[in-house]
Amino acid sequence: MKKLMKFASMILMGAAVLSSCKKSEDPTPDANPNAKVFETKMYATNYGSTTDAIVVGTVSTADNTVKLRLNVNHSGSNNLNKIYITKTVDNGTAAPLEYIGSITNSAGTFAGSNSTYTLDVPSGTKSFVLDIPVSVRTSALPTATDVYSIWLTDGTGGFDKPTKNRVLGIATITLKYSATGTSTTFTNFTGTVGDQQAVEPSYIVTSGQGNVMTQIDYRDNTNGQNAKSVDISFASLDATGAALGTNPYLISPSIRTSVGFNPVNEPNAANTNLTYFAPWSGTAFASVTATDLSTISASATKVAISANSTYAFVTSAGKKGLIQVGTITTSGTNGKKFSFTVKVLN
């Protein structure tokens, strides 16, 4: 009798363990089964930059919650490790998407982090469909927009180093609060950047979250990942812009060695970006719209700058923007720095 009871007990324990295992692998309950879905497709040949990855949709203030659907099918040799998402509200500053918790579906558990604001891709997974719920504003002007920028990495990347370990992206999902609203939007951010003699030489990143990158990060050049994030370099050159000197210039990262920077200290040319510049004489910077930004053209790889002036740029990724130079001041013994504001198309 005791043997029978022991046997029955083992069966019950086994059933409990099986039930527990199954429960941990169950999909995350869908709290919003009727929510609108906006799907971006990313795969090895589009990387997140084609029409099926760049999505524009319309939401209503009555929607409450909608879903960003990531349809990923990666056949490349890289693994997929982390998902990065930023959100820009009404042409404001991009910020990491707020913590959304872990999501379990048929591909496994995408673990969310409340410290890094990323989602981990289940180990070994290269193809999946993932629905990420995001909130919709309960009141908004018809001109309102929410823009989500999304990329995937093989290993740890960075919101301020968008090319680090990047495999797919940057894809965008633009949600308009009116069908007649514009789908052309921009991100803006501010910072202070220093030249080669500044206390802390630095560079400008216009994609991802928008950022100033230090020289140490820029030259931490594992596979060119960090350097490839930089779009704008600030340097002091001679009056002709042909060699290092004392006159402030914006220059393309790709031409630094040609104006006197030591190649030993610079990333390989193939790992730098080509950016074009031009003085801006159009709409006043404070009043610039996304439509204004879309008309920008530039063809010079360097431009001499002065305080309280505005300059146009076009990055190697084709993104157009303006940089407003603030006050140019000294930094250390011989260096210069200036404050700036950037407006760049999403």
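As the structure is a prediction and not an experimental result, all values here were calculated from the model. Below, all heavy atoms of this structure are taken into account, side chains as well, without hydrogens, waters or symmetry copies.
- Residues Ile204 and Ile251 do not share a hydrophobic cluster, defined by chaining ILVMFWY side chains whose heavy atoms lie under 4.5 Å apart.
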Can you list the steps and then say if Phe38 with Tyr148 is a side-chain contact (heavy atoms from CB on, under 4.5 Å)? CA-CA 11 Å; Phe38 299 90; Tyr148 297 90; over 6 Å; no
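- Ala235 and Phe261 get closest at one heavy-atom pair: CB-CZ, 3.8 Å.
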For Thr86 and Ile170, run side-chain contact (heavy atoms from CB on, under 4.5 Å): C-alpha distance rounded to whole Å, both residues' side-chain angles, the deciding distance at 0.1 Å, then the answer. CA-CA 10 Å; Thr86 64; Ile170 298 174; over 6 Å; no
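- Within the 3.5 Å criterion, the main-chain N or O of Gly92 finds no donor-acceptor partner in the side chain of Asp90.
- Listed for the Asn46 side chain is a donor-acceptor partner under 3.5 Å among the backbone atoms of Lys41.
- Val344 and Tyr203 are assigned to two separate hydrophobic clusters, defined by single-linkage of ILVMFWY side chains at heavy-atom distances under 4.5 Å.
- In terms of modelled atom types and a separation under 3.5 Å, the side chain of Thr145 and the main chain of Lys176 share no donor-acceptor contact.
- Residues Pro133 and Ile103 have side chains in contact (heavy-atom distance under 4.5 Å, counting atoms from C-beta outward).
- Remark: the backbone N or O of Ser287 is not paired with any side-chain donor or acceptor of Thr283 at under 3.5 angstrom.
- Distance alone, capped at 3.5 Å, places no donor-acceptor pair between the Lys67 side chain and the Ala35 backbone.
- Side chains of Thr272 and Arg256: a donor-acceptor N/O pair is absent below 3.5 angstrom, by distance only.
- Closest approach of Met213 and Asp160 over heavy atoms only: CE-O, 4.2 Å.
- When atom types are taken as modelled, the side chain of Thr28 and the backbone of Asn105 share no donor-acceptor pair closer than 3.5 angstrom.
- Tested against Ser331 for a side chain to side chain contact (heavy atoms under 4.5 Å, CB included), the candidates Lys336, Lys337, Glu200, Gln197 yield a single pass: Lys337.
- For the side-chain hydrogen bond (donor to acceptor under 3.5 Å, both in side chains) with Asn346, the lone residue among Thr187, Thr172, Thr174 that qualifies is Thr187.
- Side-chain atoms of Asp292 and Thr289 include a donor-acceptor pair closer than 3.5 Å.
- Side-chain contact between Ser294 and Leu345 is present, with at least one heavy-atom pair separated by less than 4.5 Å.
- Of the possible donor and acceptor atoms, one in the side chain of Asp231 sits under 3.5 Å from a partner among the backbone N and O of Thr206.
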Begin with the C-alpha distance, continue with both residues' side-chain angles, and end with the deciding distance and a verdict on side-chain contact (heavy atoms from CB on, under 4.5 Å) for Thr61 and Val136. CA-CA 6 Å; Thr61 53; Val136 174; 5.6 Å; no
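- Distance alone, capped at 3.5 Å, places no donor-acceptor pair between the Thr104 side chain and the Thr109 backbone.
- When side chains are defined from C-beta on, Tyr43 does not count as touching Leu168, because their heavy atoms never get closer than 4.5 Å.
- Here the shortest heavy-atom pairing between Ile305 and Tyr249 reads CG1-N, 4.2 Å.
- Remark: side-chain polar atoms of Lys82 are not paired, donor with acceptor, to backbone N or O of Thr156 under 3.5 angstrom.
- Here the closest heavy-atom approach between residue Asp146 and residue Tyr177 is recorded as OD2-OH, 2.7 Å.
- Smallest separation of non-hydrogen atoms from Thr327 and Asn308: N-OD1, 4.3 Å.
- Looking at heavy atoms from C-beta onward, Thr301 lies in side-chain contact with Tyr276 at the 4.5 angstrom threshold.
- Tracing side-chain contacts under 4.5 Å through hydrophobic residues (I, L, V, M, F, W, Y), one never reaches Val342 starting from Val230; they form parts of separate clusters.
- For the side chain to side chain donor-acceptor pair (under 3.5 Å) test, residues two or more places apart in sequence or in another chain that qualify with Asp131 are Arg69.
- Of the possible donor and acceptor atoms, one in the side chain of Arg166 sits under 3.5 Å from a partner among the backbone N and O of Pro162.
- There is no side-chain donor-acceptor pair under 3.5 Å between Thr153 and Asn81.
- Contact detail for Ala171 and Met42: the closest heavy-atom pair is CB-SD, 3.8 Å.
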List the steps, then state whether side-chain contact (heavy atoms from CB on, under 4.5 Å) holds for Phe313 with Leu250. CA-CA 10 Å; Phe313 63 86; Leu250 297 177; over 6 Å; no
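- Looking at heavy atoms from C-beta onward, Leu322 lies out of side-chain contact with Phe186 at the 4.5 angstrom threshold.
- Ring pair Trp151/Phe159 is perpendicular by interplanar angle, where above 60° counts as perpendicular and below 30° as parallel.
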